[in-house]
Amino acid sequence: MKVRFCLFTALALTSSAFAQKKPVDHTVYDNWKSISSANISPSGSYIFYSITPQEGNSLSVLKNNENKEILTLSRGYNSQLTKDEGYFVSLIKPTFEETRQAKIKKKKAEEMPKDSLFVYAVKTGNQYKFPNVKSYQVPKEIATHLAFVSDIKSKPAQDTTQKKKEKEKTITTLHLFNLQTGDTTNFAQVDQYKINEAGTKLIFSTKVEDKDSLSKVPGVYLYDLPAKKLTKITNRKGAFKNFEFDKSGNQIAYLGDLSKAKSLLKDFNLFYFKSGQDSATVIAAKNSTNIPQNWYISGDGNIQFSDNGEKLFFGLAPVPRTRDTTLVDFEHAKVDIWSWQDDYLQTQQLVNLKRDLAKNYLAVIYPAQGNRILPLIDDTFSRTYLSDSKNAEWILATSDYGRRIAYQWNTSIKQDLYVISTLNGQKKKVIENFSGHADISPDGTHIVYFNLDNSNWYSFNIASGQTIHLNKDLPVNFSDEDNDMPAQAGSYGIAGWSADGKSVFINDKYDIWNFALDGKDKSIATNGLGRASNTVLRYLDLSREEDRKSTLIANNTSYLVTAFNEVNKESGIYEVSSKKNRNPEKIIMAPYTFRRYSASENKKAIIYTKENYQHSPDLYLTSDFVKETPLTDINPQQEQYNWGTAELVHWKTPNGYAAEGILYKPEDFDPNKKYPIIAYFYEKLSDGLYTYQAPAPTPSRLNISYFVSNGYLVFAPDIRYEIGSPGKSAEEYINSGMRYLAQNSWVDSTKMGIQGQSWGGYQVAHLITRTNMYAAAWTGAPVVNMTSAYGGIRWQTGMSRQFQYEKTQSRLGKTLWEGLDTYLENSPLFQLDKVNTPVVIMANDNDGAVPWYQGIEMFTALRRLQKPVWMLNYNGEEHNLIQRQNRKDIQIREAQFFDHFLKGKPAPNWISKGVPAINKGIDWGFDTN
């Protein structure tokens with residue numbers, strides 16, 4: 001009896017403790033944390049990362065590989081460990097409250113609290129902190145010094161004879177900090193700067209105001225760190241930028257504009273300095289030989305040396321027209337002129353105006369060959385791609401010239417592929433009228449491209465001009481097998497290139513293939529295991545981020561691939577053998593999602609995050625993925641709350657299609673109770689079965705963890721679409737899934753709701769015109785009239801919306817004139833008289849994706865029909881809410897709305913009475929009186 005009594009008591013206590021878990025409320029969001037900027041040192045001895053709350057002060061942590069905490073730094077971010085692992089460097093943000101108070105006081109940008117720089121000596125524990133820091137640089141290789149810029153206040157000298165006091169001045173100062181001695185060398189009035197990879201040279205420019213007679217003469221300076229020698233290499237007043245060293249550090253290039261400060265046309269020159277010279281020289285200018293007439297050196301072009309230092313790439317651009325400053329604004333029209341012959345819509349031109357003004361075209365100069373200049377492309381070309389080292393003769397270029405108008409209705413237009421010689425400018429056409437994507441091999445000898453028209457991969461040998469069909473006669477489809485859009489199916493991409501330069505690794509849906517670039521050999525690197533087991537295998541690139549260029553895979557050594565099982569949604573790691581015809585070996589498969597991999601140089605120490613619905617994405621350390629050391633526990637407070645579970649649900653749709661989705665249940669789920677249920681959907685969400693859903697004020701998605709914690713079931717069904725019938729497809733999967741779940745005694749079929757945003761919002765609007773099974777609906781940024789939306793503009797990009805309806809997400813597959821009936825059938829607006837479901841619409845007046853008049857059309861129609869409808873317009877907000885205060889607001893309203901209609905709670909005033917404009921900003925309508 002005694003034993004039984006003790007057992008009963010223990011069970012009772014456990015049950016009581018479980019029942020006492022509280023539901024998540026709207027106050028918890030700010031303190032829910034995530035991992036950011038996780039890195040491991042080259043040797044694997046140290047790990048550093050940041051723990052960031054949704055709102056508040058972050059924490060940067062430095063640990064050793066035994067999980068011992070070495071340093072915690074409040075508000076640290078943008079952290080680095082020097083390559084020799086001797087020094088930890090980080091910026092420190094002002095406190096959240098400091099910044100908040102400054103915003104309340106509406107301080108100007110220059111008066112806002114500034115960052116500090118923190119330096120920590122790992123071996124000695126010495127610490128250094130510097131205030132008002134704007135930026136810093138640490139050499140990539142040997143770090144004996146670091147450079148940073150700060151603002152220093154300079155108090156004017158007191159002069160009692162002056163009636164007007166001089167203002168305090170801010171001097172932008174460059175500091176060169178000696179990590180070993182703690183000494184600092186300072187340079188005043190610095191504008192731009194850069195330290196070379198070896199940490200031996202520092203270049204900077206000074207910029208001063210015309211009236212500042214106390215400042216040093218402006219120009220460009222080079223400081224030799226070992227010799228402690230400062231040399232002025234450009235003794236001119238101007239704006240200098242884009243400093244670039246070659247790999248040896250012996251050559252430097254930069255841009256310099258020597259025109260007057262108020263000049264409307266900035267006339268940049270390309271400056272060049274080589275060790276041994278007294279000063280830098282101009283090696284390219286507007287009138288230099290081979291620069292096209294009425295073209296000049298672009299101030300927005302990238303400056304980059306080839307690895308061997310022989311070539312210097314820069315940008316050219318047509319000289320733009322400048323505004324006539326004698327014209328008076330109020331006497332002249334302000335007008336946009338649209339032309340049917342323009343390459344791009346006027347709206348796109350206006351959105352991209354800044355980018356287009358900065359557009360430039362690749363050129364190369366040879367400093368050792370008498371500064372020979374070679375323009376490589378002109379404005380008929382769209383993009384260029386260089387090989388990794390930039391040493392190779394050839395570059396890849398694409399041209400869509402003469403076909404750009406088609407971007408209005410097609411996201412994949414025809415283009416021509418070229419290779420262009422950096423030695424003489426010769427152009428070879430690889431393929432014309434081509435739709436697809438291409439890449440140049442790391443060594444610059446081959447072009448590999450995927451042709452959307454026939455779903456095939458090809459290799460082009462630049463030297464011989466020979467094209468090889470890589471996947472010829474293979475039974476496997478290399479285009480997206482699940483594509484359900486009227487657009488051409490894309491590829492699964494290139495996995496990487498062989499380290500020996502002889503082959504390319506290409507993904508199919510499940511496996512990785514190895515194709516010899518000469519076409520003489522092909523094999524399945526993963527031996528077909530992926531397809532045989534419905535497991536997606538992808539190469540895991542563990543190279544150091546600072547060294548990463550193209551992904552290189554060694555043919556003669558084993559390597560790791562990530563794995564995702566499409567059936568049970570588990571993830572893991574496999575090892576691929578270097579031997580052919582051998583299955584990859586499973587290391588781990590588990591009901592988790594793994595992300596954020598970072599590895600030591602020898603790949604013996606690896607960090608990653610691991611998560612599922614029950615477990616926050618914490619950081620782990622491993623050497624083999626079998627044994628792991630947890631490094632963080634970022635959200636221990638979750639244990640205090642009634643959390644939940646996630647499970648995969650399968651059912652058959654009315655037309656017999658196999659369907660699946662995720663069902664989220666409260667942690668305290670009781671099958672003897674009845675629960676309200678909300679369906680949240682977009683397209684396919686079931687692959688996220690093992691994804692953590694942090695309680696957070698979302699941009700307008702359903703806050704799944706909040707609702708589950710508060711006694712709701714949440715269902716996330718996958719939808720597979722039939723071209724021309726997106727609305728019916730939503731009915732087929734969403735409605736049938738909800739009816740399938742409603743067969744369970746614990747689902748209250750009279751209290752079912754739906755929620756969706758954007759494309760999900762469209763589907764919500766459609767569903768409530770076809771069924772009355774839902775007691776409440778919430779639709780964010782919906783399209784309800786495809787006929788008016790078809791001719792609309794996506795204001796954020798300036799693009800026409802036509803492509804979306806004809807080729808992509810809306811999946812209608814026809815123009816408005818070819819399929820008017822299809823557009824009308826899939827437009828909820830014309831069926832809104834059938835709606836009986838209370839619905840909230842979110843439509844924001846600065847929505848750059850879905851015109852907010854779509855929400856207005858829906859609201860005014862339902863209002864005219866006297867249906868229960870409310871609309872939220874977050875002033876100045878985007879398609880998805882950006883401002884956190886608005887995100888918090890919508891969480892409260894969404895919870896109140898569903899609580900009222902699905903749980904019978906009292907309606908808040910914004911639902912029962914509304915909030916008139918005269919009370920805007922005074923009464924938010926949350927109360928229920």
Side-chain angles (χ1 to χ4, degrees), residues 406-407 409-415 433-439 448-458 469-472 474-495 506-513 530-531 534-538 564-567 569 653 655-661 681-688 716-734 756 758-760 762-763 783 786 790 794 799 801-815 818-819 822-823 826 849:
Y407 278 119
W409 57 86
N410 196 345
T411 56
S412 178
I413 68 169
K414 299 292 184 180
Q415 58 185 329
N433 285 323
F434 156 79
S435 294
H437 53 87
D439 202 356
V448 171
Y449 62 90
F450 180 79
N451 192 324
L452 284 169
D453 293 331
N454 58 24
S455 299
N456 289 321
W457 281 98
Y458 298 87
H469 181 185
L470 295 175
N471 60 311
K472 185 179 181 181
L474 292 179
V476 175
N477 188 352
F478 282 83
S479 62
D480 183 357
E481 296 180 22
D482 300 316
N483 179 52
D484 59 5
M485 295 183 183
Q488 294 169 308
S491 76
Y492 292 98
I494 292 175
I506 294 175
N507 298 317
D508 71 14
K509 181 178 180 180
Y510 296 106
D511 289 293
I512 304 172
W513 292 71
R531 189 168 294 273
N534 292 307
T535 302
V536 178
L537 303 175
R538 293 293 180 258
F564 174 76
N565 186 289
E566 285 193 332
V567 177
K569 313 300 181 183
T653 71
N655 286 319
Y657 302 132
E660 62 184 356
F681 38 81
Y682 192 76
E683 292 191 359
K684 297 175 184 176
L685 301 174
S686 66
D687 286 355
D718 284 354
I719 307 160
R720 300 179 189 279
Y721 295 91
E722 178 184 342
I723 292 174
S725 300
K728 286 184 177 179
S729 299
E731 296 174 52
E732 178 79 11
Y733 286 88
I734 300 167
S758 190
W759 180 238
Y762 157 73
Q763 292 169 108
V783 165
M786 291 196 178
Y790 176 80
R794 298 176 68 95
M799 295 176 66
R801 296 180 56 80
Q802 291 176 357
F803 75 90
Q804 179 174 334
Y805 298 94
E806 295 180 32
K807 298 293 185 181
T808 61
Q809 191 172 59
S810 297
R811 297 173 170 88
L812 298 187
K814 299 177 181 179
T815 69
E818 294 168 332
T822 301
Y823 280 78
N826 287 282

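- Thr815 pairs by the side chain to side chain donor-acceptor pair (under 3.5 Å) definition with Glu818, not counting sequence neighbours.
- Put simply, CD on Gln488 and CG on Asn454 are 9.5 Å apart, with the number rounded to the nearest 0.5 Å.
- Nearest heavy atoms, Ala489 versus Asp480: CB-O, 3.7 Å.
- Taking the side chain as every heavy atom from C-beta outward, Arg794 and Phe803 approach each other to under 4.5 Å.
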(request) Dump the intermediate steps for side chain to side chain contact (heavy atoms under 4.5 Å, CB included) on Val448 and Asp439, then the final yes or no. (result) CA-CA 5 Å; Val448 171; Asp439 202 356; 5.6 Å; no
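- Residues Pro726 and Leu812 are in side-chain contact: their nearest non-hydrogen atoms beyond the backbone lie under 4.5 Å apart.
- What you find for Thr822 and Gly724 is that their closest heavy atoms are CG2-O, 3.4 Å.
- Side-chain atoms of Glu566 and Val536, non-hydrogen and from C-beta on, do get closer than 4.5 Å to each other.
- Distance check, rounded to the nearest 0.5 Å: CD of Glu806 to CZ of Arg811 gives 15.0 Å.
- Open room surrounds NZ on Lys814; 12 or fewer heavy atoms of other groups in view lie less than 6.0 Å from it.
- Nearest heavy-atom pair, Gln415 versus Gly436, reported as atom, atom and distance to 0.1 Å: NE2-O, 3.5 Å.
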(request) Apply ring pair (Phe, Tyr, Trp, His ring centres under 6.0 Å) to the pair Trp457 and Phe450, showing each step before the final yes or no. (result) CA-CA 5 Å; Trp457 281 98; Phe450 180 79; 5.2 Å; yes
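- With sequence neighbours left out, the side chain to side chain donor-acceptor pair (under 3.5 Å) criterion links Ser758 to His879.
- In this structure, Ile512 CD1 and Ile506 CD1 are separated by 11.5 Å, a value rounded to the nearest 0.5 Å.
- A 4.5 Å side-chain heavy-atom check between Arg538 and Phe564 finds every atom pair outside the cut-off.
- Among residues two or more places apart in sequence or in another chain, the side chain to side chain donor-acceptor pair (under 3.5 Å) test is passed with Tyr682 by Gln809.
- In this structure Glu660 satisfies the salt bridge (charged side-chain N to carboxylate O under 4.0 Å, His left out) test together with Lys569, sequence neighbours excluded.
- Between the CD atom in Glu732 and the OH atom in Tyr721 there is a gap of 12.5 Å [rounded to 0.5 Å].
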(message) Assess the residue pair Asp484 and Glu683 against the criterion (side chain to side chain contact (heavy atoms under 4.5 Å, CB included)); give the C-alpha distance rounded to whole Å, side-chain angles, the decisive distance to 0.1 Å, and a yes or no.
(response) CA-CA 11 Å; Asp484 59 5; Glu683 292 191 359; 5.5 Å; no
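- You'll find the side chain of Asp453 reaches within 4.5 Å of the side chain of Lys414, heavy atoms only.
- For Lys509, the NZ atom counts as densely surrounded, since its 6.0 Å shell holds more than 12 non-hydrogen atoms of other residues, nucleotides or ligands.
- Between Phe434 and Asn451, the closest side-chain pair of non-hydrogen atoms falls below 4.5 Å.
- For the side-chain contact (heavy atoms from CB on, under 4.5 Å) with Ser810, the lone residue among Tyr823, Tyr790, Tyr805 that qualifies is Tyr805.
- In plain terms, the two heavy atoms of Trp409 and Lys807 that are nearest each other are O-CG, 3.6 Å.
- In this view, Trp513 and Asp508 satisfy the side chain to side chain donor-acceptor pair (under 3.5 Å) rule, not counting sequence neighbours.
- Every residue two or more places apart in sequence or in another chain was checked for a ring-ring contact (aromatic ring centres under 6.0 Å, His included) with Phe681, and none qualifies.
- The shortest heavy-atom contact between Ala487 and Asn483 is O-ND2, 3.1 Å.
- With contacts defined as side-chain heavy-atom distances shorter than 4.5 Å, the pair Tyr510/Leu537 does not qualify.
- Across all their heavy atoms, Ile723 and Gly813 have their closest contact at CG2-CA, 4.4 Å.
- Using a 4.5 Å cut-off on side-chain heavy atoms (C-beta onward), Arg720 and Ser729 make no contact.
- Within the model, atoms CG of Asn410 and OG of Ser435 stand 7.0 Å from one another, a figure rounded to the nearest 0.5 Å.
- Proximity of a side-chain donor or acceptor of Asn826 to a complementary backbone N or O of Gly727 within less than 3.5 Å is detected.
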